[in-house]
Chemist: 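My questions all concern the structure below.
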Amino acid sequence: MTPKQALKELEALGNEKTRKHNTKYGAPDNQFGCNKGDIRKLAKNIKANHELGLELWKTGNIDAQFLAILLIKPKNLSSEELDEMVRDLSFV
């Protein structure tokens, strides 16, 4: 799966109710409003894919970043990459 395909899948899973909820709790506009359970199902179908996860993280989209966390292999991250990812967080 490519990052573009993954973003298209996430966009299809998004909904306004979740988007409003996320925004209420500080999420930026760069989101689709996906339910976490739907993102977990998508991650299970994709399976671990470190490179895809890193590309999705770079989008800054909170749904893509949540998916990225589920796809990335933590042991493959350098301390610099991990530090950068933590600093990039805009919503928890």
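Below, each value reflects all heavy atoms present in this structure, side chains not excepted, and no hydrogens, waters or symmetry copies. Bear in mind that the values here come from a model prediction, so they are computed numbers and not experimental data.
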Chemist: Please report the interatomic distance CD(Glu16) to NE2(His21), rounded to the nearest 0.5 Å.
Modeler: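 Rounded to the nearest 0.5 Å, the CD-NE2 separation comes out at 13.5 Å.
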Chemist: Using the side-chain contact (heavy atoms from CB on, under 4.5 Å) rule, take Glu9 and Leu67 through it: C-alpha gap first, then chi angles, then the decisive distance, then the call.
Modeler: CA-CA 11 Å; Glu9 294 260 352; Leu67 178 59; over 6 Å; no
Chemist: Could you walk me through whether Lys8 and Glu11 pass the salt bridge (Lys or Arg N to Asp or Glu O under 4.0 Å) test, one step at a time?
Modeler: CA-CA 5 Å; Lys8 189 174 181 177; Glu11 186 174 13; over 6 Å; no
Chemist: Same cluster or not: Met1 versus Leu13, using hydrophobic residues (I, L, V, M, F, W, Y) connected whenever any side-chain heavy atoms lie under 4.5 Å apart?
Modeler: yes
Chemist: Could you tell me whether a side-chain N or O of Asn15 sits under 3.5 Å from a main-chain N or O of Asn35, the two making a donor and an acceptor?
Modeler: no
Chemist: Establish, from distance only, whether the side-chain atoms of Thr23 and Gln31 form a donor-acceptor pair under 3.5 Å.
Modeler: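 Thr23 vs Gln31: donor-acceptor pair found between side chains.
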Chemist: Can you see which heavy atom on Cys34 is nearest to which on Gly14, and at what distance?
Modeler: SG-N, 3.8 Å
Chemist: Linking I/L/V/M/F/W/Y whenever any side-chain heavy atoms sit under 4.5 Å apart, do Ile72 and Phe66 land together?
Modeler: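 No; Phe66 is not reachable from Ile72 via cluster members.
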Chemist: Apply the test side-chain contact (heavy atoms from CB on, under 4.5 Å) to residues Phe32 and Leu7: give CA-CA distance (whole Å), side-chain angles for both, the deciding distance (0.1 Å), then the verdict.
Modeler: CA-CA 9 Å; Phe32 298 123; Leu7 288 170; 4.1 Å; yes
Chemist: Please say yes or no: joined through hydrophobic side-chain contacts below 4.5 Å, possibly via intermediate residues, are Leu52 and Ile39 part of one cluster?
Modeler: yes
Chemist: Closest heavy-atom contact between Ala64 and Leu10?
Modeler: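 Minimum heavy-atom separation between Ala64 and Leu10: CA-CD1, 3.6 Å.
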Chemist: If you round to the nearest 0.5 Å, how far is CD1 of Ile46 from CG of Leu70?
Modeler: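 It is 9.5 Å, given to the nearest 0.5 Å.
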Chemist: How close do Gly53 and Leu71 get, counting heavy atoms only, and between which atoms?
Modeler: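 The answer is CA-CB, 4.2 Å.
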Chemist: Give the C-alpha distance, both sets of side-chain angles, the deciding distance and a yes or no for side-chain contact (heavy atoms from CB on, under 4.5 Å) between Leu54 and Leu77.
Modeler: CA-CA 10 Å; Leu54 292 176; Leu77 289 173; 3.9 Å; yes
Chemist: Taking all non-hydrogen atoms of both residues into account, name the closest pair between Ala27 and Ile62 and its distance.
Modeler: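 Ala27 and Ile62 have their closest heavy atoms at CB-CD1, 3.7 Å.
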Chemist: Of the non-hydrogen atoms in Lys73 and Ala48, which two are nearest, and what is the gap between them?
Modeler: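 Scanning both residues, the minimum pair turns out to be CE-CB, 3.9 Å.
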Chemist: Please determine whether the number of non-hydrogen atoms from other residues, nucleotides or ligands lying under 6.0 Å from atom CD of Glu84 exceeds 12.
Modeler: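 At most 12 heavy atoms, drawn from other residues, nucleotides or ligands, come within 6.0 Å of this atom.
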Chemist: Taking atom CG as the centre, does Asn45 end up with more than 12 heavy-atom neighbours from other residues, nucleotides or ligands that are less than 6.0 angstrom away?
Modeler: yes
